[in-house]
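Notes to accompany the following structure.
For the single chain, residues carry numbers from 1 onward in sequence order. Every number for a ligand or one of its atoms is a count from 1 in the order of the listing.
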Amino acid sequence: MGTTIFAEMSALAGTTGSVNLGQGFPDTDGPREIAAAAAAAIMEGRGNQYPPGPGIAELRQAVAAHQKRFYGLDLDPDSQVLVTAGATEAIAAALIALLEPGDEAIAFEPYYDSYAACIAMAGATRVPVTLRPPDFRPDIDALRAAITSRTRLLLLNTPHNPTGAVFTRDELAQIAALACSHDLLVVSDEVYEHMVYDGVHVPIVSLPGMAGRTVTISSAAKTFSFTGWKIGWVTGTPELVTAVRTVKQFLTYVTGGPFQYAIAEALALPDAYYAAISADLRVKRDFLCAGLAGAGFEVYQPAGTYFITTDVRPLGHTDGMQFCRDLPHRAGVVAIPSVVFYDNVDAGRSQVRFAFCKKQEVLAEALDRLARGARTLSTGTGAAGPARRTGGTGATLPD
Ligand code: PMP
Ligand code: GLN
């Protein structure tokens with residue numbers, strides 16, 4: 001412990017000169033005009049001192065306008081929007097606000113690593129419901145069976161990291177019906193809302209009965225390719241948003257003043273920007289899926305996010321963790337062992353996640369390395385992988 005799997009694997013990519021398809025961050029920054037807007041805010045003295053606790057008015061209005069524009073949702077920017085230090089803080093503040101010791105929170109596993117930590121920080125108990133390959137559809141009967149008298153909330157994530165599943169309107173309606181009939185709160189993590197290739201993203205808050213019980217979370221990190229800025233937001237009823245803000249004020253108090261001005265502008269970018277994100281990533285998804293299949297992985301094609309889940313058993317491996325620890329040395333590529341996202345480790349032991357939010361030539365280099373390493377990948381022997389033979393390092397890749 002002491003470090004997350006993402007940090008561990010990014011460090012390994014650095015020390016081994018590997019292509020890093022592990023931690024989910026793009027290798028190209030977001031729009032230059034948005035970076036310029038942040039720089040201008042700093043230089044003009046906007047946001048350099050503590051911004052308002054709920055976030056600057058411009059950004060709260062922009063978040064409300066975004067929810068109206070894409071989903072037809074009406075939100076009061078003053079009482080129904082809260083700016084947070086990324087979705088990470090939004091998740092933490094929401095779970096700490098809404099869960100009491102002894103409560104149970106249900107989440108579909110595999111799940112994003114902060115969920116377990118934040119449920120634990122709230123003194124609550126996590127109850128996993130497993131999504132299973134090849135489609136990773138939510139099992140509504142299993143969800144129903146997991147609900148007890150202690151269940152307080154459902155923690156959802158669609159589009160789903162790491163599987164790339166995008167929950168359908170019908171699936172969300174069934175989940176919503178259970179939330180209503182058992183009087184559960186829903187915390188809905190929608191950070192990949194604009195990265196959908198098959199199907200459409202439906203915010204569960206838009207379904208009947210959900211407005212009063214849903215905390216919706218999103219972030220600028222993925223949509224605008226500025227993962228280092230840590231600007232996220234929470235939307236919901238005034239009561240729910242107040243509860244989350246009450247916790248947030250003692251976690252970070254406020255965050256990223258100048259970046260808030262820039263993200264307010266980013267949210268207002270034209271439809272063409274949003275369309276281009278998914279169009280660009282769709283091509284990369286298809287490219288990496290085909291290449292990974294060609295290298296011998298079982299590939300579960302994602303409908304959304306920028307991650308591909310694979311299974312390494314066709315390569316003769318059963319342990320994804322060991323596979324990922326060896327892969328930089330064998331092939332000069334870093335990936336994430338999905339087992340870290342599971343409580344039921346047997347369900348995810350042989351799954352490995354690859355990120356495709358990288359330049360085309362970087363993906364091509366990764367596939368080239370995997371193809372050259374195919375012999376050692378599939379035999380599970382031989383430490384002298386292609387990274388070593390070529391002397392290749394990440395530094396030789398175009399940036
Ligand atoms: N939720 C999910 C599902 C994620 O993958 C991530 C990673 N970016 C986050 C939340 C955290 O988002 P942020 O970087 O805005 O804190
Ligand atoms: N969300 C990113 C991922 O899933 C990483 C964020 C982090 O490093 N905490 O890879």
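Contacts between Thr88 and ligand 1, counted as non-hydrogen atom pairs separated by less than 4.0 Å, involve both the backbone and the side chain. In Ala87, the parts holding a heavy atom less than 4.0 Å from any atom of ligand 1 are both the side chain and the backbone.
Looking from atom 6 (C) of ligand 1 to the surrounding protein, the closest heavy atom is Tyr112 CZ, 3.4 Å. In terms of protein heavy atoms, atom 14 (O) of ligand 1 is closest to Lys230 NZ, 3.3 Å. The protein heavy-atom contact nearest to atom 3 (C) of ligand 1 is Asp189 OD2, 3.3 Å. Regarding atom 7 (C) of ligand 1, its nearest protein heavy-atom neighbour is Lys222 NZ, 3.2 Å. In this structure, atom 15 (O) of ligand 1 lies nearest to the protein heavy atom Ser219 OG, 2.6 Å.
Here is the list of ligand 1 atoms found below 4.0 Å of a heavy atom in Ala221: 14 (O), 15 (O). Near Gly86, the atoms of ligand 1 lying under 4.0 angstrom from a non-hydrogen atom of the residue are 15 (O), 16 (O). Close approach of ligand 1 to Asn157 (heavy-atom distance below 4.0 Å) involves ligand atoms 3 (C).
No donor-acceptor pair under 3.5 Å is formed between the side chain of Asn344 and the backbone N or O of Ala347.
Side-chain contact check for Asp311 and Ser350: at least one donor-acceptor pair (N or O, by modelled atom type) lies under 3.5 Å. At a cut-off of 3.5 Å, with distance as the only test, no side-chain donor of Asp103 or Thr125 sits close to an acceptor on the other residue. Between the side chains of Thr252 and Glu89, at least one donor-acceptor pair of N or O atoms lies under 3.5 Å. A donor and an acceptor atom, one from each side chain of Asp189 and Tyr115, are located under 3.5 Å apart. Judged purely by distance below 3.5 Å, without hydrogens or angles, the side chains of Glu190 and His201 pair a donor atom with an acceptor atom.
The shortest heavy-atom distance from Glu89 to ligand 1 is not under 4.0 Å. Taking 4.0 Å as the cut-off, Thr227 does not count as a neighbour of ligand 1 on heavy-atom distance. Look at Tyr192 and you'll find a heavy atom under 4.0 Å from some atom of ligand 1. Ligand 1 lies out of reach of Ile231, whose nearest heavy atom is not under 4.0 Å from it.
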Verify ring-ring contact (aromatic ring centres under 6.0 Å, His included) between Phe356 and Phe287, making sure each step is shown before the conclusion. CA-CA 9 Å; Phe356 57 88; Phe287 179 71; over 10 Å; no

Going through the checks in order, is the ring-ring contact (aromatic ring centres under 6.0 Å, His included) test met by Phe167 and Phe108? CA-CA 11 Å; Phe167 290 8; Phe108 288 103; 5.6 Å; yes

Could you check Tyr112 against Phe341 for ring-ring contact (aromatic ring centres under 6.0 Å, His included), going step by step and ending with a plain yes or no? CA-CA 6 Å; Tyr112 185 55; Phe341 303 121; 7.4 Å; no

The test is side chain to side chain donor-acceptor pair (under 3.5 Å); show your working for Tyr342 and Gln351 and say whether it passes. CA-CA 11 Å; Tyr342 284 90; Gln351 292 171 13; 2.6 Å; yes

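At least one N/O-N/O distance between Asn161 and ligand 1 falls below 3.5 Å.
Side-chain contact check for Leu95 versus Leu155: some heavy-atom pair is nearer than 4.5 Å.
Here Glu8 pairs with Arg325 in a salt bridge; the nearest charged N to carboxylate O distance falls below 4.0 Å. By the 4.0 Å N-to-carboxylate-O rule, Arg152 lies too far from Glu100 to be salt-bridged with it.
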Could you tell me, for ligand 2, which of its N or O atoms are under 3.5 Å from any protein N or O, listing the pairs and their distances rounded to 0.1 Å?
residue  : atom   : partner : partner atom : Å
ligand 2 : 1 (N)  : Lys222  : NZ           : 3.3
ligand 2 : 4 (O)  : Asn161  : ND2          : 2.9
ligand 2 : 4 (O)  : Arg353  : NH1          : 3.0
ligand 2 : 8 (O)  : Gln23   : NE2          : 2.7
ligand 2 : 9 (N)  : Tyr112  : OH           : 3.1
ligand 2 : 10 (O) : Gly24   : N            : 2.7
ligand 2 : 10 (O) : Arg353  : NH2          : 2.6

